[in-house]
There are 2 protein chains.
Amino acid sequence: MPKAKQFDELEVLKKAEKVFNEKGYNGTSMDDLVQATGLSRSSIYDTFGDKHGLFLKTLENYQASQDKAMQQQFTKTDSYKKKIRAVFDYMINDIVTDKTRKGCMMVNANMELNCVDKEVAEMALTTMEEMEQQFAMWIKEGQSTGEISKKFPAKALAKNLYNNIMGLRVTGRNRPDYDTLREITKITLSLLDQ
Amino acid sequence: MPKAKQFDELEVLKKAEKVFNEKGYNGTSMDDLVQATGLSRSSIYDTFGDKHGLFLKTLENYQASQDKAMQQQFTKTDSYKKKIRAVFDYMINDIVTDKTRKGCMMVNANMELNCVDKEVAEMALTTMEEMEQQFAMWIKEGQSTGEISKKFPAKALAKNLYNNIMGLRVTGRNRPDYDTLREITKITLSLLDQ
DNA sequence: CATTATTTGGAATAATCGTTCCGAAGTTAC
DNA sequence: GTAACTTCGGAACGATTATTCCAAATAATG
């Protein structure tokens, strides 16, 4: 019965992501979103509720595709150390190929809204905990096979690695230079070796 | 002849800092600032030009007092390794004693406005370069006295340290837990020892 | 004490904000 | 082909935005 939607929701979310990420949540207006997505106001409100709903959907979609893309990288190898390196490589590539320097939407959203938006704050916390747990698992496995040094407790080292990734998301915003980011990462990953 | 200003400019900047930092630049209205500072609109515009001018002044003042407070910590010792540790300790303390979890204004401002505000982007870049250079100097000195390991090039290690500090400013926003931040830092600083 | 210079509070302004609403267009089911 | 329902464009809404302006208050100088 109904008329089909004339747009692909995921494509719209990708376009919204770009604007939200370049201008921030409070910095982007509904006009910006109408222009960027090509949709009319009514379609946006009908599909996503309101601006905040669209933002949350966009953020979820961003993190999901980020997770998926990363997974495609680290499943290429069975080595735990190489899985970790693959995550860092993915991040560096993501940063230096980002033409507009808009950075990671989850980090940006969290830094802008952490104090005033519980949902965003919780998503950021969950993302962090999941990644840390993933790292911890790999490190523990790698330590048991002897591939990774036992010098540091797995959980602590995992948190240190994630801390470094968040660092890249900040410093990479100021200076998205491939060689520098690799240099930084090389030192961080040496922690796995000693 | 003139009637003296009825307020202390620095105190006003401190109050503005709190609001800007909790709500972000675009998230805080002039009404918020009037309420937070206790000043009238006219006084704000007369003294700081406009909202953006006030923000920049606030950000400059924040960084200056941040630098000063940090300096008071690391000048307490002559050991280069301890100077570096003092910076990390200062950061951790700054994070965990921040009741509202508002984080570092320079990082927040940069993450929100990097794409759309050249002045903020440049301030953030300068802040990073200065801190990295400071670290590099200390590391170089420490390496020459044997206090710090020569395993890594001073400049690269300096960038890694700053990267970790930026990490703390992000992860500390999600989970401002003293023990965790110390755990992370302990591993990072072990890079100086090997 | 009067004059001059400045601050200050609050009203006023124009623009922009997020959101709602309605009529026209379109699509499927009967 | 008609009925039922949805999407969609754009006008319209009230609220909020940053900013301006002016009269009243204030303080230092002569």
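Chain letters run A, B, ... following the sequence lines, proteins first, then strands; residues in each count from 1. Side chains are part of it too, since the values below use all heavy atoms of this structure and drop only hydrogens, waters and symmetry mates.
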Inset, instruction - Enumerate the residues from residues 43-56 of chain A whose closest heavy atom to DNA chain C is under 4.0 Å, giving them by residue number; use none for an empty result. - result: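 Correct list: A:Y45, A:D50, A:K51.
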Legend entry - Sorted by number, the residues of residues 9-29 of chain B with heavy-atom contact under 4.0 Å to DNA chain C: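 Under 4.0 Å from DNA chain C: no residue of residues 9-29 of chain B.
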Inset, instruction - Check whether the side chains of A:Q143 and A:K150 place a donor and an acceptor atom closer than 3.5 Å, and report yes or no. - result: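 No pair is found: no donor N or O on one side chain lies under 3.5 Å from an acceptor on the other.
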Legend entry - Pair B:D67, B:Q63: side-chain N/O donor-acceptor within cut-off below 3.5 Å: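 Yes, a side-chain donor-acceptor pair sits under 3.5 Å.
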[X] (side chain) donor-acceptor with [Y] (main chain) under 3.5 angstrom:
| X | Y | result |
| --- | --- | --- |
| B:S43 | B:L39 | no |
| B:E112 | B:Y25 | yes |
| B:T47 | B:I44 | no |

I'd like to check the side-chain contact (heavy atoms from CB on, under 4.5 Å) partners of [X]; sequence neighbours left out, ordered by chain and number.
| X | answer |
| --- | --- |
| A:K82 | A:T77, A:S79 |
| B:N164 | A:N160, A:N163, A:N164, B:F88, B:N160, B:T188 |
| A:K18 | A:E22, A:T100, A:K102 |
| A:N114 | A:N110, A:A121, B:R101, B:R173, B:N174 |

Inset, instruction - Compare side-chain N and O positions of A:S40 against OP1 and OP2 of D:dC8 and report whether any pair is under 4.0 Å apart. - result: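 Looking at the OP1 and OP2 atoms of D:dC8, neither is under 4.0 Å from any side-chain N or O of A:S40.
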Inset, instruction - Return the angle between end axes of the helix from C:dC1-D:dG30 to C:dC30-D:dG1, with five pairs used per end and rounding to 10°. - result: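 That helix gives 0° between its end axes.
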Legend entry - With A:F135 via ring-ring contact (aromatic ring centres under 6.0 Å, His included) - residues at least two apart: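 With neighbours one apart ignored, the set is empty.
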Legend entry - ring-ring contact (aromatic ring centres under 6.0 Å, His included) against B:F74, all qualifying residues, sequence neighbours excluded: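 B:F74 satisfies ring-ring contact (aromatic ring centres under 6.0 Å, His included) with B:W138 once adjacent residues are dropped.
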Under 3.5 Å between N/O atoms: give me all the protein pairs with nucleotides 21-23 of chain D, atom names plus distance.
none

For atom [atom1] of [X] and atom [atom2] of [N], their distance in whole Å:
| X | N | atom1 | atom2 | result |
| --- | --- | --- | --- | --- |
| B:M30 | C:dA15 | CE | C1' | 16 Å |
| A:D31 | D:dT17 | CG | P | 17 Å |
| B:L39 | D:dA25 | CG | P | 20 Å |

Legend entry - Where at least one partner belongs to residues 48-62 of chain B, residue pairs that pass side-chain hydrogen bond (donor to acceptor under 3.5 Å, both in side chains), sequence neighbours excluded: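 For residues 48-62 of chain B, and leaving out neighbouring residues, the side-chain hydrogen bond (donor to acceptor under 3.5 Å, both in side chains) pairs sorted by first residue read B:H52-B:D117.
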Inset, instruction - Please name all residues satisfying side chain to side chain donor-acceptor pair (under 3.5 Å) with A:S29, sequence neighbours left out, ordered by chain then number. - result: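 If we apply the side chain to side chain donor-acceptor pair (under 3.5 Å) test to A:S29, skipping adjacent residues, the hits are A:D32.
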